[in-house]
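Each remark here refers to the structure printed beneath this line.
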Amino acid sequence: MSNSIIQLRGEHNLLTVMAACAIAYAAGFSFEAMRKGIDGFKGVEHRLEIVRNWNGITWINDSIATAPERTMAALRSFSEPIVLLLGGHDKNLPWEELATMIHSRVNHLILFGEAAEKIASVVGQPQPLDRLKAVHQSHIFEDALAIAAKVSENGDVVLLSPGCTSYDAFKDFEERGNIFKKWVNQLP
């Protein structure tokens, strides 16, 4: 079976599909049944979910990414320029490895919520050879979204992959993701 029918971004998703197929094969499912299960599956809500293309900018909801490692997996899923929305309630996890990746893979970093200042201190400022152009900060989620709309350009991906829980401002990651989607879908 060709991986061209898999409509999910990221190596981590490709590996998950391959593992599921191996289990399905061991359980006696036919290749045709596996293909039907994969064909047309675009993923689940809040997990690298494409919300909208607006003015040539793709807005992605990955609100379920509540740890730096999950944000790193999301970043690896894109080759396009990235505007990253990162923040929320910190779980005292290490940020150093993600900070290094941000400097090489993200064009604009927009920090929000309780963890904004802590993450900013780990990431630091853009350096001359970085892909990172600017670090923006807002404690209010909707203000961070407005910054993303302002700094993003045609061809960019605006990625909500917060690396933190949502408990500083929301009931859970689903509420945060739903507010993101509602806000994005109201862009003129």
Side-chain angles (χ1 to χ4, degrees), residues 3 6-18 43 46-139 141 143-166 168 173 176-177 180 184:
N3 68 1
I6 300 171
Q7 296 183 28
L8 304 175
R9 280 188 174 248
E11 183 180 353
H12 63 293
N13 281 321
L14 177 61
L15 294 172
T16 299
V17 170
M18 290 171 44
H46 309 296
R47 193 171 286 151
L48 291 180
E49 172 189 15
I50 298 171
V51 176
R52 182 178 182 195
N53 287 302
W54 174 76
N55 289 344
I57 301 157
T58 304
W59 293 73
I60 304 287
N61 171 20
D62 193 36
S63 185
I64 199 166
T66 59
E69 294 81 11
R70 293 181 91 170
T71 300
M72 291 169 59
L75 290 175
R76 286 186 201 102
S77 301
F78 298 94
S79 59
E80 300 91 340
I82 297 172
V83 175
L84 177 62
L85 292 153
L86 186 67
H89 177 73
D90 182 39
K91 298 189 290 188
N92 294 315
L93 297 173
W95 291 99
E96 291 76 14
E97 192 174 351
L98 175 56
T100 300
M101 182 181 269
I102 286 168
H103 283 272
S104 65
R105 297 192 70 118
V106 173
N107 288 41
H108 288 273
L109 174 62
I110 303 168
L111 301 170
F112 63 89
E114 285 179 5
E117 289 179 26
K118 178 180 182 178
I119 298 168
S121 70
V122 176
V123 172
Q125 292 301 310
Q127 301 301 310
L129 299 178
D130 285 354
R131 183 172 189 171
L132 185 63
K133 296 175 185 174
V135 177
H136 312 270
Q137 218 171 317
S138 172
H139 289 287
F141 185 62
D143 291 348
L145 300 178
I147 294 168
K150 184 178 179 180
V151 302
S152 56
E153 301 174 357
N154 187 4
D156 286 355
V157 167
V158 175
L159 174 63
L160 169 63
S161 190
C164 293
T165 67
S166 58
D168 61 334
F173 75 87
R176 177 176 57 199
F180 174 77
V184 169

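Please read these numbers as outputs of a predicted model, since none were measured by experiment.
Atoms OG1 and CG, from Thr100 and Asp130 in turn, are 10.0 Å apart once rounded to the nearest 0.5 Å. Taking CD1 of Ile110 as the start and NE2 of His136 as the end, the distance is 5.5 Å to the nearest 0.5 Å. In this structure, Leu48 CG and Ile64 CD1 are separated by 10.0 Å, a value rounded to the nearest 0.5 Å.
The closest side-chain heavy-atom distance from Arg52 to Thr58 is not below 4.5 Å. The shortest distance between side-chain heavy atoms of Val157 and Ile57 does not fall below 4.5 Å.
The salt bridge (Lys or Arg N to Asp or Glu O under 4.0 Å) pairs that include a residue from residues 100-126 are Asp90-Lys118, where partners are two or more places apart or lie in different chains.
Remark: the Arg131 side chain and the Ser104 side chain contain no N/O donor-acceptor pair separated by less than 3.5 Å.
Take Asp62 and apply the side-chain hydrogen bond (donor to acceptor under 3.5 Å, both in side chains) test, not counting sequence neighbours, and it matches Ser161. By the side-chain contact (heavy atoms from CB on, under 4.5 Å) test, Glu69 is found to be paired with Ala67, residues two or more places apart in sequence or in another chain being considered.
Residues Leu109 and Val106 share a closest heavy-atom pair of N-CG1, 4.0 Å. The two residues Ile119 and Gly87 come nearest to each other via the heavy atoms CD1-CA, 4.2 Å. Considering all non-hydrogen atoms of both residues, Cys164 and Ala115 come closest at SG-CB, 3.8 Å. Residues Val83 and Val151 share a closest heavy-atom pair of CG1-CG2, 4.1 Å. Annotation for Trp95 and Pro162: closest pair CH2-O, 4.3 Å, computed over non-hydrogen atoms. Looking at every heavy atom in both residues, Leu85 comes nearest to Phe112 through C-CE2, 3.8 Å.
Below 30°, between 30° and 60°, or above 60°: for Phe173 and His46 the angle between ring planes is above 60°, a perpendicular geometry.
Within 6.0 Å of the NZ atom in Lys150, the count of heavy atoms belonging to other residues, nucleotides or ligands does not exceed 12.
Judged by distance alone, the side chain of Gln127 and the main-chain N or O of Gln125 form a donor-acceptor pair under 3.5 Å.
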